[in-house]
Every structure is written in C-alpha cells, then in structure tokens.
Protein chains: 2
Amino acid sequence: MSKENSPSIRALNNPTQVGEETITAVIRALAILDLLGQSEGELGITEISQRLSLQKSTVFRLLNTLMVGEYVRQNPATKKYYLGTHLLRLGMTVLNQIELRKVAQPYLRELMAVCNEVIHLGILEQNEVIYIDKIDVDRPLSMVSRIGGKSPWYCTGLGKVLLAFSPPAVLEELLSKTKLVQFTPNTITDPARLVEHLKQIQAQGYAIDDEEHELGIRCVGVPIRDYQGSVIAALSVSGPTLRMTQDKLKQIIPVIINTGNRISKALGYMG
Amino acid sequence: MSKENSPSIRALNNPTQVGEETITAVIRALAILDLLGQSEGELGITEISQRLSLQKSTVFRLLNTLMVGEYVRQNPATKKYYLGTHLLRLGMTVLNQIELRKVAQPYLRELMAVCNEVIHLGILEQNEVIYIDKIDVDRPLSMVSRIGGKSPWYCTGLGKVLLAFSPPAVLEELLSKTKLVQFTPNTITDPARLVEHLKQIQAQGYAIDDEEHELGIRCVGVPIRDYQGSVIAALSVSGPTLRMTQDKLKQIIPVIINTGNRISKALGYMG
DNA sequence: TATTGCTGTTCCGCTCAGAGGAACAACGTT
DNA sequence: AACGTTGTTCCTCTGAGCGGAACAGCAATA
C-alpha cells in the first residue's frame with residue numbers, strides 16, 4: 001500500500017456532512033480495514049483508536065463485528081488484530097471477474113521470456129492506473145509493484161498509453177481532476193506539453209516512460225483493444241535504465257507492439 | 001466462492017442477540033460485500049435488498065457508504081453494483097503478509113516442472129484449509145481452485161497432512177467442531193478411522209487424498225516446517241486419477257517430500 | 001402514446017442501536 | 001508493591017440510521 005492513501009479514512013470525522021448519505025459505523029469499519037492494510041502486520045486496539053481518533057470501546061465493537069465476518073482476525077497470543085483471509089478471497093474474486101487477465105496471461109509470459117523484464121497489465125480506473133496482472137522476472141534488480149496497486153496516469157507507460165487512446169473528453173476530465181506532481185526531473189507537469197506528448201504516443205502506437213515516475217526505471221507501454229476497437233487495457237515492459245538502453249528499446253518495441261496486437265486479436269479485435 | 005458460505009450473512013437478522021457485541025450496520029455492509037462476491041457480476045439494489053431481506057433504502061445507504069471507500073463500484077450504464085478494486089488491493093496485502101509464499105514459490109515452480117501437475121500451498125486456518133498459493137499447469141484437464149479458497153481438512157492431501165502433524169489437542173478440537181461430510185465413497189467419515197489414518201500419515205511423512213474430496217482427483221500432500229520444527233503449512237500435487245497412477249505416485253512422492261524438506265530448510269528448519 | 005411495472009433514489013419522523021466515557025481485569029515492567 | 005500498559009465490559013443517553021412510503025426515470029408492454 002505504501003503511499004496510496006485510502007479514500008475511506010478521509011470522511012472519518014465529519015459525520016454530519018449532508019449530501020453524501022453514508023453510515024458512520026461502516027465508514028469507520030472500512031477505515032480500520034484500510035489502516036490494518038497499510039501497516040502490514042498486527043495492530044492493537046489502542047493504537048487503532050489513537051490513529052483514527054476513535055473511542056477504544058468503539059474500535060473494540062467494530063473489530064468484534066469485523067471478526068464475525070472473518071474480515072479481521074485476532075492473534076490469541078498478542079491480542080492484536082490483523083486482516084483475515086476472507087479479504088484475500090474477496091480480492092481474488094475481483095481479480096477473476098476481470099476476464100481479460102486469462103486471455104492475456106500466456107502472451108505476457110511469452111513476452112517476459114523474450115524481454116527478460118517485468119511485464120504489467122493495467123487498466124484505467126477512476127483517475128489512476130491499476131495493475132491487474134504482473135509477470136515477475138527472476139533477476140535481482142527489477143521493479144517492485146503489486147497486483148491491485150495503483151500508479152499515476154500521466155507519468156507511466158501504462159497510464160500514458162491508456163490516455164493517448166482514450167476519448168478526448170476523458171483526458172480533459174482527468175487533466176482537470178489531477179494535479180500533475182513532479183516525481184522526477186523527467187515528469188511532464190505542463191498540461192499542454194502532456195497533451196502534445198500523448199498525441200505523439202497515439203501516432204506512434206506506444207508510450208515510453210523515461211524515468212518519469214521513478215528514477216532508474218524506464219518502461220514501454222502499448223494499448224490493448226477489445227472487439228469494438230476501444231482501448232480497454234495496456235501492457236508494459238519495465239526495467240532498470242541500465243538494461244533498458246536505446247539499443248534494447250529499438251529491439252523490443254516491435255515485439256511489445258506485436259504482443260499487444262495479438263492480445264487484442266484474441267479479444268476479438270479485427271484490426 | 002461457489003459453495004463457500006459467508007460467515008457474516010449468518011448473523012444478519014438476529015440483531016438483539018446479546019453476548020456478541022456487534023454493529024448491525026457493519027454486519028449488513030459485510031453481507032453485501034459477500035453477496036457481491038458470491039454472485040460474480042453486478043447486482044442491483046432491489047435484488048440485494050430481497051436476498052438479504054433488507055429495506056431498499058437501507059441497502060442504498062450501505063452501498064453509498066461502501067462506494068466512498070471504493071469497496072464497491074457502480075456501473076454507470078446499468079446502475080448496478082459490483083466489487084471494487086480496493087478489495088483486490090486489500091486482498092493482495094493479506095497475501096503478501098504471508099512471507100512463506102515468497103520463500104516457497106521457486107520450489108513450487110520447480111516441482112510443477114517435474115510432476116506436470118497443479119501444485120498447491122496451503123495453511124490451516126480456523127477449521128479449514130486455505131490455499132495461499134497455486135502453480136497452474138498448462139494441461140487441459142487439471143484441478144480448478146483459487147488462491148484464497150477453502151477446502152475441508154479431513155479429506156484433502158493438504159488438510160490431512162496439516163492435521164497429522166498438529167498437536168493432538170488441535171485435532172481433537174477440530175474433530176469435535178467438524179461434521180465429517182461424505183463427499184465421495186472414499187471420504188473417511190469415521191472419526192476413529194480418521195485418527196488412525198492420520199497416525200499413519202505422520203509415520204510415513206506424506207498424505208494421499210485418493211478421491212476423498214472429489215471423484216477423479218488424487219493428490220499427495222507433504223508438510224512444511226518452520227525454524228522451530230512445527231508444521232505451519234503444506235504443499236500438494238493434485239491431478240486426475242488417470243494420470244496420478246500408482247506408478248507415477250511411487251515415482252513422484254520422494255520428489256515431493258524432498259521439495260517439502262528443502263522449503264522447510266529454507267525457512268530455517270535444521271531437520 | 002399512454003400505461004404499467006420495473007428500476008434506483010429521496011425524503012422524513014421515530015426509536016433503539018450504538019457512541020462515549022469510565023471502570024475493570026490482566027498483564028508485564030519498574 | 002505500585003505503576004503503566006494492554007484489551008475488555010458496563011451503563012447511560014441521544015442522534016444516527018432504520019423503515020416506510022413517495023418519487024423519478026426508464027423500458028417494455030398494450
């Protein structure tokens with residue numbers, strides 16, 4: 001989870017905010033889940049109550065409730081609480097509802113074998129990129145990420161390619177909603193320049209993230225289309241700059257594009 | 001999810017049950033999540049309210065709340081609701097908290113390459129076996145299962161081996177809590193016979209599930225020990241009976257045991 | 001093109017669920 | 001033995017949130 005802030009914690013302590021009709025107890029329960037998720041490991045009642053500024057007894061009741069659903073479990077020895085495997089089960093359900101994964105996976109494996117770098121499969125959700133699959137590479141130096149994890153859209157290969165092929169309205173909306181944060185010297189933070197850049201990506205059919213999100217990581221993203229031709233996902237190859245050289249890029253970009261095309265075809269896209 | 005009944009739905013409509021101090025609204029929210037998980041796909045408010053026998057307005061408010069936490073999302077076109085990727089994120093967090101997975105995975109892959117059958121990694125939780133990893137095999141006929149999924153302990157290779165090496169008290173407690181259901185003609189439903197069987201498993205160091213849970217599937221389970229020597233997990237090789245013949249079993253059992261031992265050693269067990 | 005029957009959504013008043021605070025028990029530490 | 005922790009229990013009071021009904025928006029019927 002790291003820096004990914006959890007949305008449910010926001011609305012914690014402004015209960016009587018009219019308009020959005022929500023249930024305080026549930027908001028708080030979700031906040032506890034988020035908190036337990038963020039701090040990998042166990043948390044005690046006192047610590048939770050402090051961090052969320054809730055009453056100890058309230059937290060106790062909430063945790064009790066979460067335990068009957070097996071969303072949370074209590075370590076009998078330490079009396080502390082941690083996330084239960086029921087969440088794992090639900091999470092995997094979400095993952096399996098995305099049928100694109102099943103189609104794409106063999107192609108991703110093959111691509112990994114060729115490129116010898118980490119492969120990601122991602123979709124655009126809300127205003128972020130979500131990784132829905134990842135093929136790890138067995139090399140000491142490689143990108144760490146997590147299925148289900150998020151990344152910004154304007155400075156990653158996946159995100160840029162997804163937006164380059166989105167309807168202009170989507171781009172416009174995201175641009176208005178998103179603050180372009182300068183992660184590295186290479187991050188494009190000027191909206192006008194970004195729009196130009198995306199046009200170029202659309203023209204050439206692939207996006208390169210040249211250390212725009214994290215220094216030392218370069219990556220290539222290409223679009224994946226459904227049977228109607230709309231870009232519904234993207235795949236990317238990411239590696240350390242010292243291996244992802246201009247030479248190597250020249251060599252693998254056609255392969256990556258080809259893989260993207262073949263997945264699109266497998267999804268019914270006629271080209 | 002299939003037949004796995006969700007614990008939180010149970011306590012739905014007996015609110016004033018004293019003793020267990022729980023929060024109705026949260027119980028209901030969790031029940032909605034479970035329901036959405038079970039019926040893979042979208043559900044409308046009316047359907048949810050009927051299935052859980054709750055008021056439509058109540059369900060609406062609950063869903064609204066779950067949406068601010070991104071636990072649930074609404075399809076703008078159909079207006080129906082489905083599980084959000086935040087659950088995926090939380091689920092993967094749970095999975096990554098189990099560090100055993102990281103250690104074991106390379107060994108499991110290697111074992112799959114040798115046996116050419118599905119490999120499972122499982123732990124005992126509550127009174128069931130939970131799969132925490134799975135290596136699929138690329139063959140048309142192979143076992144379907146899911147990471148995070150559950151299985152009974154008394155009729156699977158994983159479960160039997162986990163219990164054979166558990167302290168007697170654990171076995172006793174599980175025996176008293178569990179009803180031994182006859183899944184197939186081979187399922188051992190006599191507690192006395194089961195106890196004998198487990199003793200034999202402990203002696204020989206591996207468990208065979210000979211179509212005891214599902215007809216047509218045979219599997220071999222071996223224990224995995226932590227640095228203290230206690231059995232904390234198990235791995236298994238499962239395949240269709242026509243491939244998992246006596247001959248093949250004789251051949252692969254030593255390999256499987258060896259893999260288990262090597263993982264245990266990697267976890268610090270000195271043997 | 002009305003009509004009917006579905007949805008999902010909004011409103012509002014009454015009430016009991018549940019929040020809060022404090023006291024309690026069971027620890028390990030000083 | 002006194003203290004500072006923890007998690008847990010109890011009790012009281014009140015406003016969150018439940019239920020019920022009305023509303024709106026759409027689609028398929030007549």
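A, B, ... follow the sequence lines: proteins, then strands. Residue 1 opens every chain. Atom set for the values below is all heavy atoms of this structure, side chains included, hydrogens, waters and symmetry mates excluded. What you see is a predicted model, and the numbers here were worked out from it, not measured in a lab.
- When the local axes at the two ends of the helix from C/dT1-D/dA30 to C/dT29-D/dA2 are compared, using 5 base pairs at each end, they differ in direction by 30° after rounding to 10°.
- If you measure from atom CZ of B/Arg28 to atom P of C/dA17, you get 10 Å, rounded to the nearest angstrom.
- Taking atom CG of A/Asn75 as the reference point, atom P of D/dT6 lies 16 Å away to the nearest angstrom.
- Considering all non-hydrogen atoms of both residues, B/Gly260 and B/Val222 come closest at CA-CG2, 4.1 Å.
- For the pair B/Leu62 CG and D/dG17 C1', the interatomic distance rounds to 10 Å; values are reported in whole Å.
- B/Thr78 pairs by the side chain to side chain contact (heavy atoms under 4.5 Å, CB included) definition with B/Glu42, B/Asn75, B/Lys80, not counting sequence neighbours.
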Expected string for nucleotides 8-15 of chain C under the B/S/- scheme (protein heavy atoms, under 4.0 Å, primed atoms plus P, OP1, OP2 as sugar-phosphate) is BSB-----

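- In this structure, B/Leu63 atom CG and D/dG17 atom P are separated by 15 Å, rounded to whole Å.
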Distance-only criterion, 3.5 Å: show the donor-acceptor pairs between side-chain atoms of residues 155-164 of chain A and protein atoms not counting sequence neighbours.
residue: A/Thr156; atom: OG1; partner: A/Pro152; partner atom: O; Å: 3.0
residue: A/Thr156; atom: OG1; partner: A/Gly159; partner atom: N; Å: 3.1
residue: A/Lys160; atom: NZ; partner: A/His197; partner atom: NE2; Å: 2.9
residue: A/Lys160; atom: NZ; partner: A/Ile208; partner atom: O; Å: 2.7
residue: A/Lys160; atom: NZ; partner: A/Glu212; partner atom: OE1; Å: 2.8
residue: A/Lys160; atom: NZ; partner: A/Glu212; partner atom: OE2; Å: 3.0

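- A salt bridge links A/Glu125 with B/Arg73: the closest approach of a Lys/Arg side-chain nitrogen to an acidic carboxylate oxygen falls below 4.0 angstrom.
- The two atoms that bring A/Ile224 and A/Ile263 nearest to each other are CG2-CG2, 3.8 Å, heavy atoms only.
- Judged as a side-chain hydrogen bond (donor to acceptor under 3.5 Å, both in side chains), and not counting sequence neighbours, A/Thr46 has no contacts.
- Taking B/Asp226 as the reference, B/Ser230 meet the side-chain hydrogen bond (donor to acceptor under 3.5 Å, both in side chains) condition, with sequence neighbours excluded.
- No hydrogens or angles considered: nothing links the side chains of A/Asn127 and A/Tyr154 as a donor-acceptor pair under 3.5 Å.
- As a whole-Å value, the separation of A/Glu42 CD from D/dG7 C1' is 14 Å.
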